[in-house]
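Everything numeric here is computed off the predicted structure, so don't read it as measured data.
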Amino acid sequence: MDAASLAAGLALHQAGRLAEAEAIYRQVLQAEPHNADALHLLGLLARQVGRGDVAIALIGQALAIAPAHAGYLNSLGLVHQDAGDAALAMDCYGRALVLGAEAVTYINLGNLLVKQGRLDDALAVYDNAVAAHPASAEAWTNRGNILDALRRWDQALPSYAQALALRPGLGVALRGRGNAFRGLGRRADAAASYREALAVEPANTVLLADLAVEWMAVNRVPEALACCDQLLALEPRNVAALSNRGNLLKALRRYEEAAQCFEAALQIAPGHPYALGSLLRSRIFSCDWTGYTQLAAALREQVRGGARADTPFSFLAVSGDAQEQLACARTYVRDKYPPVPALWTGGRRSHERIRVAYVSADFQNHPSMHLMAGLFEQHDRSRFELTALSLGPDSSHPMRQRVQRAFGRFADAQHLTDREAAQLLLELEADIVVDLNGFTQGSRLGILAHRPAPLQVSYLGYPGSCGADFFDYLIADAEVLPPQQRAHYSENIAWLPGCYQANDAARAIDDAPLSRADAGLPPEAFVFCCFNNNYKITPGVFGVWMRLLAQLPHAVLWLLEDNAAAMRNLRAQAQARGIDAQRLVFAPRAEPAQHLARHRLADLFLDTLPYNAHTTASDALWAGLPLLTCRGGAFAARVAASLLREAGLPELVTDSLAEYERKALELARSPQLLAALKLRVAQARETSTLFDTRQFARDIEAAYAQMWERHQQGLRPEDFLVTRQPAP
């Protein structure tokens with residue numbers, strides 16, 4: 001027997017023809033009992049078939065013959081590693097490396113250190129590997145992977161570049177490079193790298209999942225959906241892909257299909273993160289209340305138990321309990337925003353004016369800007385220096401242009417990473433950063449998590465506690481956040497003296513003639529309306545509305561047209577309660593001035609619970625339409641009450657659905673009472689502080705000044721009540 005026989009056996013071994021390979025190895029050993037290579041190869045074969053004890057004995061015999069063979073030591077290390085004996089494995093790898101082992105030994109030792117969580121030690125091993133074997137693409141790739149795991153993405157990229165220079169098209173390096181680009185927030189580059197990797201491995205489901213996530217991040221929904229479909233064709237029970245597909249279908253407003261995806265995911269993995277909340281949200285967006293009571297109860301129970309069951313913003317429409325909402329927010333923040341080093345590390349600043357930076361994805365034609373634009377314009381430039389950090393897409397809409405003109409500095413940060421955006425705020429020396437998104441669409445709390453400023457404030461976008469230690473203050477009022485609810489908010493509270501919600505006194509209302517016939521409304525009907533998003537409509541509130549229509553045969557209900565499934569389901573629900581489905585009229589979305597004008601065709605706005613009208617309540621009152629609300633327990637369920645009290649209309653605030661129903665019926669049957677209310681709503685627009693934007697600016701500026709004064713005195717943030725300021 002000679003080397004040719006061993007080569008033949010090795011070829012069979014590598015081809016998976018193990019029995020034939022073993023026979024040749026044993027023939028060699030019969031002829032040459034001390035052939036170390038044959039013993040070693042037979043040991044590797046034993047390892048391959050799961051006979052670790054035999055493998056250790058055979059490779060040990062090979063080492064007894066050739067104790068300075070680095071390759072044998074590497075193989076023995078692998079067998080000990082398989083057996084869970086890390087100490088013996090490391091000893092073997094270490095001895096091999098002293099003898100001048102191949103790159104694979106460095107890689108094996110590095111991988112073992114990674115499994116033990118010793119990433120810094122693993123990096124040192126890979127540094128040695130590329131120094132000893134600079135032509136090893138695998139060593140460069142593994143070095144990049146360790147740097148990626150250490151979140152040192154900018155340092156990982158050169159390692160992947162070196163690996164790809166050595167072996168163009170190396171799939172693991174292409175994927176690693178994509179991961180590094182993702183970590184740096186370079187989503188388009190990440191997607192391109194994953195696409196290159198998929199060209200090499202088109203059936204790689206991990207790559208398909210990665211690419212789907214990147215397409216989602218840059219809002220390339222059709223492409224992301226195609227990736228999910230390809231992945232599910234290969235792995236129909238891939239829960240993450242089902243969940244991602246559901247989220248994409250939600251973005252396309254295909255809510256019924258989205259719900260089917262989440263149902264399927266929950267059948268496979270009942271505890272899959274956020275799937276239960278996503279299922280319920282998909283259903284309520286289409287006003288499909290199948291199993292609503294049971295699903296809502298199960299969701300609330302999971303949230304109370306600390307499960308990752310729902311996102312905070314979605315949960316507002318399900319639970320009116322502030323304690324539950326805080327639990328949901330805290331769980332979500334722990335999951336999505338792990339602690340990172342703070343950029344602002346202390347010290348006092350001395351600026352002539354307080355530097356306030358507003359951060360938002362909504363500096364465009366968005367409900368928040370319909371409220372905030374006037375405030376930006378009314379800020380006192382002699383005391384405050386204003387910056388806008390825009391996270392959303394650019395827009396040519398007049399609202400975008402108006403907002404841009406209101407700021408001294410308008411920075412577009414949509415393409416910056418969270419850390420880069422935070423670094424920009426640090427370099428601008430923002431004293432107070434005011435986040436206007438919270439958990440709403442487009443939010444990037446990761447910027448605030450980097451702590452770029454001495455004071456960080458949550459305002460307007462998310463009506464509740466963010467549950468994050470990187471927020472110092474929440475701006476509220478005593479109606480939306482009464483003192484007895486204080487324990488359910490993680491931030492310090494700045495209570496404004498009136499309604500917390502800004503309102504813009506410069507909002508235009510279209511004065512073109514508009515009739516009920518133009519809007520598809522019966523000319524002589526009593527028109528109840530609710531222009532809240534359809535997902536805020538709950539079965540309990542809808543039941544009240546249907547009882548009102550049953551008692552008022554001449555009345556109709558005018559709702560916002562959100563999606564075809566919601567219209568179909570709401571009309572079916574009405575029919576099931578004995579109400580003619582045609583008595584539900586739907587209004588398509590319209591430009592703000594036209595939308596405000598059509599409020600004048602309605603008689604009474606009916607609010608929702610547990611998520612009130614917010615901007616929509618301001619719309620109604622600004623347009624002169626009385627609004628009836630039912631006040632709930634938590635912030636989101638008390639906003640309309642705050643607006644009505646500030647407008648001097650407290651009698652339109654009720655505290656139970658029964659009282660709400662009685663009041664609505666009374667107003668619908670009392671034309672004189674309703675006419676008097678409409679007159680008072682019209683007067684409130686001119687006389688109340690609700691729409692006094694200048695007054696509101698002075699009050700919120702007083703809040704900022706008090707926060708900043710405490711900070712300059714070296715005091716920690718604490719709750720405080722703002723005194724109403726004189727407004728010249």
Side-chain angles (χ1 to χ4, degrees), residues 284 287 289 292-293 320 516-517 519-534 536-562 566-587 598-613 616-617 620-621 623-632 637 640-641 644 649-681:
I284 64 178
C287 296
W289 298 323
Y292 177 89
T293 301
R516 283 188 167 183
L521 296 167
E524 304 303 323
F526 186 92
V527 178
F528 291 113
C529 91
C530 179
F531 290 145
N532 291 355
N533 284 311
N534 292 169
K536 293 185 179 182
I537 303 172
T538 59
V541 168
F542 191 76
V544 171
W545 294 350
M546 293 304 98
R547 289 194 294 274
L548 289 170
L549 293 188
Q551 296 175 81
L552 299 164
H554 64 296
V556 297
L557 178 62
W558 196 19
L559 302 172
L560 186 68
E561 180 183 317
D562 187 77
M567 287 195 294
R568 182 178 67 251
N569 287 327
L570 286 170
R571 282 181 165 149
Q573 289 284 348
Q575 201 78 43
R577 290 168 169 81
I579 302 298
D580 182 355
Q582 297 310 306
R583 293 176 67 189
L584 272 61
V585 182
F586 290 88
R598 65 185 175 186
H599 281 75
R600 295 168 174 170
L601 303 177
D603 294 299
L604 181 64
F605 191 113
L606 296 176
D607 200 5
T608 49
L609 191 75
Y611 199 154
N612 278 177
T616 44
L621 296 174
L625 176 63
L627 176 142
L628 181 66
T629 191
C630 183
R631 175 170 47 196
L644 288 165
L649 298 160
E651 66 269 40
L652 290 174
V653 179
T654 65
D655 288 300
S656 70
L657 285 179
E659 182 188 357
Y660 168 88
E661 184 174 346
R662 287 195 301 272
K663 189 71 173 181
L665 191 60
E666 176 189 5
L667 291 172
R669 287 174 170 171
S670 307
Q672 291 181 331
L673 181 59
L674 189 61
L677 269 176
K678 286 186 176 181
L679 179 61
R680 289 176 58 204
V681 172

task = Taking N534 for its side chain and L560 for its backbone only, find out whether a donor-acceptor pair lies under 3.5 Å.
result = yes

ask   = Between atom CD of E661 and atom CG of L606, what is the distance when rounded to the nearest 0.5 Å?
value = 10.5 Å

inquiry  = Rounded to the nearest 0.5 Å, what separates atom NE2 in H554 from atom CZ in R583?
reply    = 9.0 Å

inquiry  = Using the rule given for side chain to side chain donor-acceptor pair (under 3.5 Å), can you reason through Q573 versus R577, listing the C-alpha separation, both sets of side-chain angles and the distance that settles it, and then say yes or no?
reply    = CA-CA 6 Å; Q573 289 284 348; R577 290 168 169 81; 2.6 Å; yes

note = In this structure, CH2 of W545 is separated from CG of L570 (nearest 0.5 Å) by 8.5 Å

ask   = Below 4.0 angstrom, N of the basic side chain to O of the carboxylate: do K536 and D607 qualify?
value = no

Cation-pi check, R598 onto F531 ring (under 6.0 Å, within 45° of axis) = yes

inquiry  = What verdict does the side chain to side chain contact (heavy atoms under 4.5 Å, CB included) test give for M567 and L559, after you've listed the backbone C-alpha separation in whole Å, the side-chain angles of each residue and the deciding distance to 0.1 Å?
reply    = CA-CA 9 Å; M567 287 195 294; L559 302 172; over 6 Å; no

inquiry  = Could you check whether any side-chain heavy atom of L601 comes within less than 4.5 Å of a side-chain heavy atom of V527, counting everything from C-beta outward?
reply    = no

message = For T654, is there any backbone N or O sitting under 3.5 Å from a side-chain donor or acceptor partner on T629?
response = no

ask   = What is the distance from atom CZ of R571 to atom CZ of F586, rounded to the nearest 0.5 Å?
value = 5.0 Å

request  = Would you check if K678 and V681 make a side-chain contact, meaning some heavy-atom pair closer than 4.5 Å?
outcome  = no

task = Could you check if a side-chain atom of L625 sits within less than 4.5 angstrom of a side-chain atom of C529, using non-hydrogen atoms only?
result = yes

task = Taking all heavy atoms of A613 and all of T608, pick out the closest pair and write down the distance.
result = N-OG1, 4.3 Å

query = Quick check: does any side chain N or O of T616 sit under 3.5 Å from a backbone N or O of C530, one acting as donor and the other as acceptor?
reply = no

task = With sequence neighbours excluded, tell me which residues meet side chain to side chain contact (heavy atoms under 4.5 Å, CB included) with L673.
result = E666, L667, S670

task = Can you sort out the partners of P522 under side chain to side chain contact (heavy atoms under 4.5 Å, CB included), two or more places apart, ordered by chain and number?
result = A525, V556

ask   = What heavy-atom pair brings R516 and D603 nearest, and what distance separates the two atoms?
value = NH2-OD2, 3.0 Å

key: Spatial distance of atom CG (L552) from atom CZ (R669) [nearest 0.5 Å]   = 5.5 Å

query = Say you draw a straight line from OG1 of T538 to CH2 of W289; how long is it, rounded to the nearest 0.5 Å?
reply = 7.0 Å

